[in-house]
Amino acid sequence: MKTNTKKYLTQGGDKFLLKNFSTTYNGHLDKATGKEELERVKAELKDYQEALYASDSHSILIIFQAMDAAGKDSAIEHVMSGLNPQGCQVYSFKTPNSEEYSHDFLWRHYKALPERGRIGIHNRSHYENVLVCKVHPEYILSENIPGFNEVKKIDKKFWKARYESIRNFEKHLVANGTVILKFFLHVSKDEQKQRFLDRIENPAKNWKFSVADLKERALWDNYSLAYEEAIRETSTADAPWYVIPADKKWYARLAISQVIKEALESLNLKYPVLPKDEADQLAAIREQLNNED
(Lines give C-alpha, C1' and ligand atoms only; values in the text may rest on other atoms or scores of the structure.)
Protein backbone atom coordinates (compact mmCIF):
# COMPACT_ATOMS: atom_id res chain seq x y z
CA MET A 1 0.00 0.00 0.00
CA LYS A 2 1.76 3.11 -1.26
CA THR A 3 1.71 6.25 0.88
CA ASN A 4 2.86 9.66 -0.25
CA THR A 5 5.61 10.25 2.30
CA LYS A 6 6.35 13.67 0.82
CA LYS A 7 3.38 15.02 2.75
CA TYR A 8 5.53 14.77 5.90
CA LEU A 9 8.54 16.43 4.29
CA THR A 10 9.50 20.04 4.86
CA GLN A 11 12.28 22.04 3.29
CA GLY A 12 12.11 24.53 6.16
CA GLY A 13 12.28 28.21 5.33
CA ASP A 14 10.35 31.15 6.70
CA LYS A 15 6.95 29.71 5.74
CA PHE A 16 7.27 26.60 7.91
CA LEU A 17 4.76 26.44 10.76
CA LEU A 18 3.91 23.41 12.85
CA LYS A 19 0.23 24.32 12.80
CA ASN A 20 0.18 23.54 9.08
CA PHE A 21 0.95 19.88 9.82
CA SER A 22 -1.68 17.53 11.19
CA THR A 23 -1.14 15.55 14.38
CA THR A 24 -4.09 13.23 13.68
CA TYR A 25 -3.69 12.25 10.01
CA ASN A 26 -3.95 8.48 9.54
CA GLY A 27 -3.69 8.04 5.78
CA HIS A 28 -7.36 6.98 5.63
CA LEU A 29 -6.37 3.65 7.18
CA ASP A 30 -7.81 1.81 10.14
CA LYS A 31 -5.55 0.57 12.91
CA ALA A 32 -5.67 -3.11 11.90
CA THR A 33 -4.72 -2.34 8.30
CA GLY A 34 -1.97 0.00 9.46
CA LYS A 35 -0.44 -2.67 11.65
CA GLU A 36 -0.54 -5.22 8.82
CA GLU A 37 1.16 -2.76 6.50
CA LEU A 38 3.85 -2.06 9.10
CA GLU A 39 4.72 -5.75 9.29
CA ARG A 40 5.05 -5.89 5.51
CA VAL A 41 7.32 -2.85 5.38
CA LYS A 42 9.45 -4.20 8.26
CA ALA A 43 10.10 -7.37 6.26
CA GLU A 44 11.37 -5.22 3.39
CA LEU A 45 13.53 -3.19 5.75
CA LYS A 46 15.28 -6.36 6.87
CA ASP A 47 16.28 -7.15 3.28
CA TYR A 48 17.47 -3.60 2.66
CA GLN A 49 19.48 -3.67 5.88
CA GLU A 50 21.35 -6.78 4.74
CA ALA A 51 22.17 -5.12 1.41
CA LEU A 52 23.30 -1.98 3.27
CA TYR A 53 25.70 -4.02 5.38
CA ALA A 54 27.03 -6.02 2.43
CA SER A 55 27.59 -3.00 0.18
CA ASP A 56 29.54 -1.14 2.90
CA SER A 57 29.07 2.16 1.06
CA HIS A 58 26.55 4.09 3.17
CA SER A 59 25.38 4.47 6.73
CA ILE A 60 21.94 5.55 7.91
CA LEU A 61 21.48 8.04 10.75
CA ILE A 62 17.91 8.24 12.04
CA ILE A 63 17.11 11.11 14.39
CA PHE A 64 14.03 11.25 16.60
CA GLN A 65 12.94 14.49 18.24
CA ALA A 66 9.62 15.31 19.89
CA MET A 67 7.78 16.71 22.82
CA ASP A 68 7.57 14.43 25.86
CA ALA A 69 5.29 11.38 25.45
CA ALA A 70 5.18 11.69 21.65
CA GLY A 71 6.17 8.04 21.22
CA LYS A 72 9.86 8.10 20.31
CA ASP A 73 10.77 5.00 22.34
CA SER A 74 7.85 2.92 21.09
CA ALA A 75 8.49 4.01 17.49
CA ILE A 76 12.08 2.80 17.74
CA GLU A 77 10.92 -0.46 19.32
CA HIS A 78 8.22 -1.26 16.76
CA VAL A 79 9.86 -0.02 13.56
CA MET A 80 13.29 -1.49 14.23
CA SER A 81 12.19 -4.76 15.82
CA GLY A 82 12.55 -6.70 12.58
CA LEU A 83 16.13 -5.64 11.91
CA ASN A 84 19.30 -7.53 12.73
CA PRO A 85 20.52 -5.98 16.01
CA GLN A 86 24.13 -6.54 14.91
CA GLY A 87 23.59 -3.91 12.23
CA CYS A 88 21.94 -1.29 14.43
CA GLN A 89 22.96 0.94 17.29
CA VAL A 90 20.69 3.12 19.43
CA TYR A 91 21.84 6.09 21.51
CA SER A 92 19.60 7.98 23.92
CA PHE A 93 21.15 11.32 24.79
CA LYS A 94 20.65 12.71 28.27
CA THR A 95 22.11 15.79 29.98
CA PRO A 96 25.82 16.02 29.06
CA ASN A 97 28.30 14.80 31.65
CA SER A 98 31.44 16.68 32.72
CA GLU A 99 33.60 15.10 29.99
CA GLU A 100 31.06 16.00 27.31
CA TYR A 101 30.77 19.56 28.58
CA SER A 102 34.56 19.80 28.18
CA HIS A 103 34.18 19.45 24.40
CA ASP A 104 32.15 21.26 21.76
CA PHE A 105 28.44 20.45 21.65
CA LEU A 106 28.74 18.14 18.64
CA TRP A 107 31.54 15.98 20.05
CA ARG A 108 29.47 13.35 21.80
CA HIS A 109 27.15 13.05 18.82
CA TYR A 110 30.01 12.61 16.39
CA LYS A 111 31.29 9.76 18.56
CA ALA A 112 27.92 8.03 18.27
CA LEU A 113 27.68 8.03 14.47
CA PRO A 114 27.12 4.71 12.68
CA GLU A 115 29.91 3.34 10.54
CA ARG A 116 29.29 2.38 6.91
CA GLY A 117 26.91 -0.53 6.55
CA ARG A 118 25.08 0.19 9.80
CA ILE A 119 21.95 2.00 10.95
CA GLY A 120 22.32 4.43 13.83
CA ILE A 121 19.32 5.70 15.80
CA HIS A 122 19.59 8.80 17.95
CA ASN A 123 16.79 9.16 20.49
CA ARG A 124 17.13 12.89 20.95
CA SER A 125 20.25 14.27 19.33
CA HIS A 126 22.46 17.28 18.68
CA TYR A 127 19.20 19.17 18.20
CA GLU A 128 18.69 19.28 21.96
CA ASN A 129 21.33 22.02 21.84
CA VAL A 130 18.94 24.30 19.94
CA LEU A 131 15.73 23.04 21.55
CA VAL A 132 15.93 22.47 25.30
CA CYS A 133 18.86 24.88 25.44
CA LYS A 134 16.86 27.46 23.52
CA VAL A 135 14.05 27.21 26.07
CA HIS A 136 16.57 27.10 28.93
CA PRO A 137 19.51 29.22 27.70
CA GLU A 138 21.11 29.02 31.14
CA TYR A 139 22.17 25.47 30.19
CA ILE A 140 24.56 26.96 27.63
CA LEU A 141 26.64 28.43 30.46
CA SER A 142 27.73 24.89 31.42
CA GLU A 143 29.55 24.65 28.08
CA ASN A 144 32.04 27.33 29.19
CA ILE A 145 32.16 28.90 25.73
CA PRO A 146 34.47 31.95 25.69
CA GLY A 147 32.47 35.16 25.65
CA PHE A 148 29.22 33.54 26.78
CA ASN A 149 29.34 33.65 30.55
CA GLU A 150 25.95 35.34 30.96
CA VAL A 151 22.53 34.38 29.67
CA LYS A 152 21.99 37.85 28.20
CA LYS A 153 24.92 37.27 25.84
CA ILE A 154 23.21 34.24 24.30
CA ASP A 155 21.48 36.20 21.55
CA LYS A 156 20.10 35.65 18.03
CA LYS A 157 23.60 35.73 16.60
CA PHE A 158 24.60 32.86 18.90
CA TRP A 159 21.69 30.68 17.73
CA LYS A 160 22.32 31.52 14.07
CA ALA A 161 25.90 30.32 14.48
CA ARG A 162 24.73 27.13 16.18
CA TYR A 163 22.27 26.35 13.38
CA GLU A 164 25.08 26.91 10.91
CA SER A 165 27.29 24.47 12.82
CA ILE A 166 24.55 21.85 12.62
CA ARG A 167 24.03 22.39 8.90
CA ASN A 168 27.75 22.09 8.24
CA PHE A 169 28.01 18.99 10.42
CA GLU A 170 25.21 17.27 8.54
CA LYS A 171 26.48 18.42 5.14
CA HIS A 172 29.84 16.82 5.94
CA LEU A 173 28.20 13.55 6.97
CA VAL A 174 26.05 13.37 3.83
CA ALA A 175 29.06 14.08 1.61
CA ASN A 176 30.79 11.09 3.18
CA GLY A 177 28.00 8.57 2.67
CA THR A 178 25.66 9.03 5.62
CA VAL A 179 21.95 9.25 4.86
CA ILE A 180 20.29 11.43 7.51
CA LEU A 181 16.59 10.95 8.29
CA LYS A 182 15.23 13.46 10.81
CA PHE A 183 11.82 12.78 12.33
CA PHE A 184 9.81 15.21 14.43
CA LEU A 185 6.96 13.28 16.03
CA HIS A 186 4.19 15.88 15.98
CA VAL A 187 1.87 15.23 18.93
CA SER A 188 -0.91 17.54 20.12
CA LYS A 189 -1.00 19.06 23.57
CA ASP A 190 -4.29 17.28 24.31
CA GLU A 191 -2.83 13.92 23.36
CA GLN A 192 0.24 14.54 25.52
CA LYS A 193 -2.08 15.28 28.45
CA GLN A 194 -3.91 11.97 27.93
CA ARG A 195 -0.66 10.03 27.73
CA PHE A 196 0.58 11.65 30.93
CA LEU A 197 -2.69 10.68 32.64
CA ASP A 198 -2.30 7.10 31.36
CA ARG A 199 1.17 6.95 32.87
CA ILE A 200 -0.11 8.20 36.20
CA GLU A 201 -3.16 5.94 36.34
CA ASN A 202 -1.36 2.76 35.27
CA PRO A 203 1.06 1.56 38.00
CA ALA A 204 3.09 -0.29 35.38
CA LYS A 205 3.74 3.02 33.64
CA ASN A 206 4.34 5.23 36.68
CA TRP A 207 8.08 5.04 36.15
CA LYS A 208 7.67 6.80 32.79
CA PHE A 209 6.31 9.96 34.40
CA SER A 210 8.36 12.64 36.09
CA VAL A 211 7.30 15.84 37.80
CA ALA A 212 9.80 17.53 35.49
CA ASP A 213 7.61 16.48 32.55
CA LEU A 214 4.80 18.65 33.89
CA LYS A 215 7.14 21.61 34.30
CA GLU A 216 8.27 21.29 30.69
CA ARG A 217 4.65 20.94 29.52
CA ALA A 218 4.00 24.39 30.94
CA LEU A 219 6.55 25.64 28.38
CA TRP A 220 4.74 24.03 25.45
CA ASP A 221 4.55 27.23 23.42
CA ASN A 222 8.24 27.97 23.99
CA TYR A 223 9.18 24.51 22.77
CA SER A 224 6.90 24.82 19.75
CA LEU A 225 8.65 28.02 18.72
CA ALA A 226 12.06 26.44 19.30
CA TYR A 227 11.13 23.47 17.10
CA GLU A 228 9.77 25.71 14.37
CA GLU A 229 12.94 27.76 14.22
CA ALA A 230 15.22 24.72 14.36
CA ILE A 231 13.34 23.04 11.53
CA ARG A 232 13.27 26.23 9.46
CA GLU A 233 17.02 26.64 9.85
CA THR A 234 18.16 23.03 9.41
CA SER A 235 15.78 21.31 6.99
CA THR A 236 17.94 21.12 3.88
CA ALA A 237 17.77 19.27 0.58
CA ASP A 238 20.37 16.76 1.80
CA ALA A 239 19.05 16.40 5.36
CA PRO A 240 15.37 17.38 5.47
CA TRP A 241 12.96 17.08 8.37
CA TYR A 242 9.91 14.82 8.32
CA VAL A 243 7.02 16.02 10.48
CA ILE A 244 5.17 12.84 11.44
CA PRO A 245 1.57 12.94 12.75
CA ALA A 246 1.92 11.25 16.14
CA ASP A 247 -1.44 11.35 17.91
CA LYS A 248 -2.03 7.82 16.63
CA LYS A 249 1.06 5.83 17.49
CA TRP A 250 0.29 3.00 15.08
CA TYR A 251 0.20 5.42 12.16
CA ALA A 252 3.37 7.27 13.22
CA ARG A 253 5.23 3.95 13.22
CA LEU A 254 3.97 3.08 9.77
CA ALA A 255 4.86 6.50 8.33
CA ILE A 256 8.38 6.34 9.80
CA SER A 257 8.96 2.84 8.43
CA GLN A 258 7.84 3.91 4.96
CA VAL A 259 10.20 6.89 4.90
CA ILE A 260 13.12 4.69 5.97
CA LYS A 261 12.25 2.06 3.37
CA GLU A 262 12.10 4.63 0.58
CA ALA A 263 15.44 6.10 1.63
CA LEU A 264 17.12 2.68 1.53
CA GLU A 265 15.41 1.82 -1.73
CA SER A 266 16.71 5.02 -3.35
CA LEU A 267 20.32 3.99 -2.67
CA ASN A 268 20.00 1.15 -5.19
CA LEU A 269 22.22 -0.99 -3.02
CA LYS A 270 24.02 -3.93 -4.62
CA TYR A 271 25.65 -6.99 -3.14
CA PRO A 272 29.40 -7.15 -3.87
CA VAL A 273 30.46 -9.23 -6.89
CA LEU A 274 33.54 -11.36 -6.37
CA PRO A 275 36.50 -10.99 -8.74
CA LYS A 276 36.76 -13.84 -11.26
CA ASP A 277 39.67 -15.56 -9.53
CA GLU A 278 37.80 -15.66 -6.20
CA ALA A 279 34.63 -16.88 -7.89
CA ASP A 280 36.62 -19.65 -9.61
CA GLN A 281 38.12 -20.59 -6.25
CA LEU A 282 34.65 -20.90 -4.73
CA ALA A 283 33.59 -23.15 -7.59
CA ALA A 284 36.59 -25.40 -6.93
CA ILE A 285 35.82 -25.49 -3.20
CA ARG A 286 32.19 -26.40 -3.93
CA GLU A 287 33.32 -29.28 -6.10
CA GLN A 288 35.72 -30.44 -3.38
CA LEU A 289 32.97 -30.40 -0.76
CA ASN A 290 30.53 -32.24 -3.02
CA ASN A 291 33.14 -34.96 -3.64
CA GLU A 292 33.76 -35.64 0.05
CA ASP A 293 32.97 -39.17 1.24
Side-chain angles (χ1 to χ4, degrees), residues 7-26 62-75 92-95 105 122-140 151 154-167 170 180-199 208-236 239-249 251-253 255-256 259:
K7 73 182 294 88
Y8 320 124
L9 183 65
T10 173
Q11 292 298 333
D14 294 339
K15 294 182 179 180
F16 173 76
L17 294 171
L18 282 175
K19 69 179 183 180
N20 293 334
F21 287 78
S22 173
T23 64
T24 59
Y25 180 75
N26 65 356
I62 302 171
I63 291 170
F64 287 100
Q65 290 287 161
M67 300 286 197
D68 291 328
K72 298 186 303 300
D73 291 343
S74 64
S92 295
F93 291 97
K94 307 296 184 183
T95 303
F105 79 96
H122 287 188
N123 186 350
R124 302 192 186 277
S125 67
H126 48 287
Y127 281 96
E128 291 294 285
N129 296 278
V130 292
L131 293 169
V132 66
C133 290
K134 187 79 179 290
V135 176
H136 299 283
E138 64 274 15
Y139 294 171
I140 295 293
V151 169
I154 304 169
D155 55 9
K156 289 183 179 181
K157 185 177 179 181
F158 173 88
W159 296 115
K160 284 288 185 182
R162 186 145 285 196
Y163 295 134
E164 183 178 12
S165 293
I166 289 174
R167 290 193 300 269
E170 293 178 351
I180 303 175
L181 300 174
K182 302 184 293 195
F183 296 107
F184 173 66
L185 275 59
H186 190 23
V187 70
S188 66
K189 193 173 183 180
D190 286 343
E191 180 62 21
Q192 186 196 63
K193 175 182 175 180
Q194 186 56 54
R195 292 180 188 180
F196 279 170
L197 289 172
D198 290 344
R199 291 178 178 185
K208 291 185 175 183
F209 185 78
S210 167
V211 175
D213 295 337
L214 199 59
K215 292 179 180 178
E216 296 304 290
R217 176 176 166 81
L219 300 170
W220 181 277
D221 291 343
N222 302 61
Y223 275 105
S224 294
L225 290 173
Y227 268 108
E228 283 184 342
E229 184 168 4
I231 292 172
R232 285 190 198 114
E233 292 282 349
T234 63
S235 197
T236 64
W241 276 98
Y242 292 86
V243 180
I244 303 294
D247 277 7
K248 296 178 175 65
K249 288 186 177 182
Y251 186 76
R253 297 162 187 166
I256 291 164
V259 171

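All heavy atoms count here, side chains included; hydrogens, waters and symmetry mates do not. FYI, the numbering just counts along the sequence from 1.
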task = Flag the pair Y251 / Y25 as yes when their ring centroid distance falls below 6.0 Å, and as no otherwise.
result = yes
ask   = For F105, is the NZ or CZ atom of R162 found under 6.0 angstrom from the centre of its six-membered ring and inside 45 degrees of the ring axis?
value = yes
request  = Report the C-alpha separation of F184 and Y242 in whole Å, then their side-chain angles, then the decisive distance to 0.1 Å, and conclude whether the ring-ring contact (aromatic ring centres under 6.0 Å, His included) test is met.
outcome  = CA-CA 6 Å; F184 173 66; Y242 292 86; over 10 Å; no
query = Counting only N and O atoms by type, is there a donor-acceptor contact under 3.5 Å from the side chain of R217 to the main-chain atoms of K189?
reply = yes
key: Beyond-backbone contact of D68 with Q192, side-chain heavy atoms, under 4.5 angstrom   = yes
Test: E170 and K182 ion pair at under 4.0 Å = yes
request  = Let me know which of D213, L131, V187, L185 forms a side chain to side chain contact (heavy atoms under 4.5 Å, CB included) with M67.
outcome  = V187
query = In terms of side-chain heavy atoms, does Y127 have a donor or acceptor partner in T234 at a distance below 3.5 Å?
reply = yes
Non-hydrogen side-chain atoms of R253 and K249 separated by less than 4.5 Å = yes
key: Least distance between heavy atoms, F21 atom then T10 atom   = CZ-CB, 4.1 Å
request  = Could you label the plane-to-plane angle of the Y163 and W159 rings as parallel, tilted or perpendicular, counting under 30° as parallel and over 60° as perpendicular?
outcome  = tilted
query = Just by modelled atom types, is the V151 backbone N or O under 3.5 Å from a matching donor or acceptor in the E138 side chain?
reply = no
remark   = Rounding to 0.5 Å, atoms NZ (K248) and CG (N26) come to a distance of 5.0 Å
remark   = Scanning both residues in full, the closest heavy-atom pair of I154 with F158 reads CG2-CD2, 3.5 Å
query = Quick one: does Y223's side chain get under 4.5 Å of K134's, heavy atoms only?
reply = no
key: D198 and Q194 side chains, donor-acceptor separation under 3.5 Å   = yes
Heavy-atom donor-acceptor pair, S235 side chain to W241 backbone, under 3.5 Å = yes
query = Can you find a pair of side-chain heavy atoms, one from Y8 and one from I256, that are under 4.5 Å apart?
reply = no
ask   = Do you know which two heavy atoms are closest between R195 and A246, and how far apart they sit?
value = NH2-O, 2.8 Å
message = Donor-acceptor check, side chain of Y227 to backbone of A66, threshold 3.5 angstrom: yes or no?
response = yes
inquiry  = Quick one: does any side-chain atom of R199 pair with a main-chain N or O of F209 as donor and acceptor, under 3.5 Å?
reply    = no
Note: K160-E164 ion pair, threshold 4.0 Å (strictly below) = no
Heavy-atom side-chain proximity of F64 to R124 below 4.5 angstrom = no
query = Quick one: does I62's side chain get under 4.5 Å of H122's, heavy atoms only?
reply = no
task = Taking all heavy atoms of P245 and all of S22, pick out the closest pair and write down the distance.
result = CB-O, 3.3 Å
ask   = Does a side chain donor of either D247 or T24 reach within less than 3.5 Å of an acceptor in the other side chain?
value = no
